[in-house]
Chemist: 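Below you'll find the structure I mean.
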Amino acid sequence: MSRLVPASATALGMIRAGVCGVFLLTVLATSFQNLGRLPVTILRPTGIMQLFSWGFYDRLVTPGGMSVLKYALAASLALSTVGYLTRLSTITSALLLIFYQGLLRSFGHFTHDEMAGVYFLIVLAATPCGDGFSVDSLARTRRRHAEGFVYGYPILLMQSLLAWGYFSSAVIKLRVMGAGYFNPDTLPTLAIIHSLDNLHDTHFRLAFLLPEASAYLPVAVGLIVVWEFAFPLAVVWRRARVWILSVGVLFHFSTLFLMNIFFPYTLAMYLVFIDWESVSNRLARVRPWRGLREWWRDFRGVPEEFDGVKIADTSLRESLLWDGDCGFCGAMVGRLQRLARRPFQERPSRTVEEKLPDEVRRAAREQMHWIDADGAVTGGSRALVELLDASGRKSVAALLDSPPCRPFAWLGYRLVARHRDKAARLAGQPRSNS
């Protein structure tokens, strides 16, 4: 799998952000209110759209109703782009976008440009695309699968879907028109017809130059058909990928200027062929990005979970360890004591350093730690959740540990812990006990 695609949670997460981000930008730039001004009587629901009543469409196909749909779709796509509540937001994004596309088709606007992206959203909605490069993954110090099939297969599937679109296009051309597709007059005729109508966003007139070059057009058309047949090679042969995708960009811009037909969504979906993790690593060598990446690694580098670590000393069980040299930390521990329904033990970590494992001792100056009844150790925001749960504040602990709040609980704790001087000044507390 790793020979074909970057099989990691980060790579899949970056593709999720790219695909959802493309649709988010286009939704924000589209006037849904104009669609709502069309008379609902010309609506011809197709497929599953027929399950909705006409009363529903009467209320939806209005400027106000379409604005609600736009804001709901934009909000869902925004959450999917940043990877917040990813499991729910990606499903919602896929369903709302399918409904919106069905609504457009019910007005007679048929195009297959967006379909590759719609398929990609469906794939993303059914896969763990929020395990990396997402808000949801902020609080995760470890993942069940760091890399492998579970992340590589969705990327490979999306690449294959896009490649099949091009391959099937070549098959359909030959099946419908056969050898007549390579007739010197076929391309000029199609291009001129599309250039004379008023159904396109652009009105280029380069199509009228094609009859003068008709002798060369069968060769050009033949090469395009060969390229479409060869597109699946981009999936299995990385060396051919650059050439195939480059021809794709040239082809789509050629259809724009010659036929006034453009496929921006299809072009944007080429992003599934890019190894974004490698691109990120290369950008990290540039000075500004390198500094930012080093800061982020340092910011996130303090572990909150210590797999396999157990405290043997039973006197330390069910106790909170904190930085005894930090006056602000001591004040916060006092507040936690007052908040607790059941009292808990607390002690400065420096008084028991010799009893702590090395990995816990190294992090003791950066965060508090909770040792549970079994001797297991958690730190930072995880320690706060465990402490609240053990001290009788189970509802508060459950709230902080819930999927919507968990990333922000981690981020808030890390920011306060990293900037304790400023937090102490804001709270009117001394930074140091010395």
Side-chain angles (χ1 to χ4, degrees), residues 138-142 298-402 405-434:
L138 288 179
R140 298 175 187 169
T141 56
R142 68 182 191 276
D298 181 58
F299 182 81
R300 199 181 181 186
V302 184
E304 290 195 343
E305 298 180 8
F306 302 87
D307 292 338
V309 173
K310 294 281 187 178
I311 303 298
D313 191 336
T314 56
S315 66
L316 296 180
R317 304 280 175 91
E318 294 191 276
S319 61
L320 179 71
L321 306 182
W322 56 281
D323 182 4
D325 296 328
C326 173
F328 173 74
C329 302
M332 294 302 103
V333 171
R335 291 188 179 185
L336 288 173
Q337 287 279 25
R338 292 190 293 272
L339 178 65
R341 289 176 175 172
R342 292 196 298 268
F344 59 87
Q345 296 185 74
E346 51 85 10
R347 61 187 71 191
S349 55
R350 56 183 169 80
T351 62
V352 293
E353 282 184 342
E354 70 282 355
K355 300 178 181 180
L356 301 177
D358 290 340
E359 54 266 50
V360 178
R361 190 183 306 116
R362 286 193 295 268
R365 304 280 294 184
E366 303 293 333
Q367 63 184 6
M368 66 181 182
H369 292 90
W370 173 257
I371 304 173
D372 67 14
D374 297 325
V377 183
T378 54
S381 62
R382 290 295 314 170
L384 177 61
V385 170
E386 296 292 337
L387 166 63
L388 290 171
D389 184 71
S391 62
R393 292 291 182 178
K394 294 184 179 296
S395 59
V396 180
L399 177 64
L400 292 179
D401 204 32
S402 64
C405 296
R406 186 74 193 96
F408 299 103
W410 172 86
L411 181 61
Y413 186 95
R414 287 264 59 84
L415 287 172
V416 172
R418 193 174 182 87
H419 302 285
R420 284 181 282 180
D421 288 329
K422 294 180 180 178
R425 288 196 296 269
L426 290 174
Q429 300 290 341
R431 165 65 180 90
S432 173
N433 282 329
S434 58

Chemist: For residues 356-386, which residue pairs pass the ring-ring contact (aromatic ring centres under 6.0 Å, His included) check, not counting sequence neighbours?
Modeler: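 Sorted pair list: Phe306-His369.
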Chemist: Restricting to non-hydrogen atoms, name the atom on Ala409 and the atom on Leu400 that form the minimum distance, rounded to 0.1 Å.
Modeler: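 Heavy-atom minimum between the residues: CB-O, 4.0 Å.
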Chemist: Measure the shortest side-chain to side-chain distance between Met368 and Cys329 over non-hydrogen atoms and say whether it is less than 4.5 angstrom.
Modeler: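 Met368 does not reach Cys329 side chain to side chain.
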Chemist: Once you round to the nearest 0.5 Å, how far does CD of Glu354 lie from CZ of Arg361?
Modeler: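 Rounded to the nearest 0.5 Å, the CD-CZ separation comes out at 8.5 Å.
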Chemist: Got Asp307 and Glu359 here, is their nearest side-chain heavy-atom distance under 4.5 Å?
Modeler: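 They are not in contact (no side-chain heavy atoms under 4.5 Å apart), so the answer is no.
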Chemist: Measuring from Arg420:CZ to Arg365:CZ, what's the distance to the nearest 0.5 Å?
Modeler: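 Here the interatomic distance stands at 7.5 Å.
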Chemist: Which heavy-atom pair separates Glu353 from Arg350 by the least distance, and what is that distance?
Modeler: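 Nearest pair, atom of Glu353 first, then Arg350: CG-CA, 3.5 Å.
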Chemist: Side-chain contact, heavy-atom cut-off 4.5 Å: Phe299 with Leu415?
Modeler: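 Result yes, sub-4.5 Å side-chain heavy-atom pair found.
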Chemist: Under the salt bridge (Lys or Arg N to Asp or Glu O under 4.0 Å) rule, what pairs show up with a residue in residues 389-401, not counting sequence neighbours?
Modeler: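 Passing the test, one end in residues 389-401: Arg382-Asp401, Asp389-Lys394, Asp401-Arg406.
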Chemist: Identify the heavy atoms of Phe328 and Val416 that sit nearest to each other, and give their distance.
Modeler: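 Heavy atoms of Phe328 and Val416 come nearest at CE2-CG1, 3.8 Å.
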Chemist: In Å, rounded to the nearest 0.5 Å, how long is the span from NE2 of His419 to CZ of Arg414?
Modeler: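 It comes to 10.5 Å.
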Chemist: Rounded to the nearest 0.5 Å, how far apart are CG of Leu321 and CD of Gln367?
Modeler: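 Here the interatomic distance stands at 11.0 Å.
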Chemist: Shortest non-hydrogen contact from Val333 to Phe344?
Modeler: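 Looking at all heavy atoms of both residues, the shortest contact is O-CZ, 4.4 Å.
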Chemist: Could you pull out every donor-acceptor pair under 3.5 Å between side chains of residues 308-317 and any protein atom, sequence neighbours left out?
Modeler:
unit_1	atom_1	unit_2	atom_2	d
Asp313	OD1	Ser315	N	2.9
Asp313	OD1	Ser315	OG	2.6
Asp313	OD2	Ser315	OG	3.3
Asp313	OD2	Lys355	NZ	2.8
Arg317	NE	Ile311	O	3.1
Arg317	NH1	Ala373	O	3.1
Arg317	NH2	Ile311	O	3.0

Chemist: Show the nearest heavy-atom pair for residues Ala139 and Pro407, with the distance to one decimal.
Modeler: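 Taking Ala139 first and Pro407 second, the nearest heavy atoms are CB-CA, 4.2 Å.
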Chemist: Hey, what do you get for CD (Gln345) to CD (Gln337), rounding to the nearest 0.5 Å?
Modeler: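 So the CD of Gln345 and the CD of Gln337 are separated by 10.0 Å.
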Chemist: Side chains of Ser349 and Trp322: does their closest heavy-atom pair fall under 4.5 Å?
Modeler: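 With C-beta onward as the side chain, the pair stays apart.
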Chemist: How about Thr378 and Asp372: do any of their side-chain heavy atoms sit closer than 4.5 Å?
Modeler: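 Thr378 does not reach Asp372 side chain to side chain.
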Chemist: How close do Leu356 and Val352 get, counting heavy atoms only, and between which atoms?
Modeler: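 Closest pair (atom of Leu356, atom of Val352, distance): CG-O, 3.4 Å.
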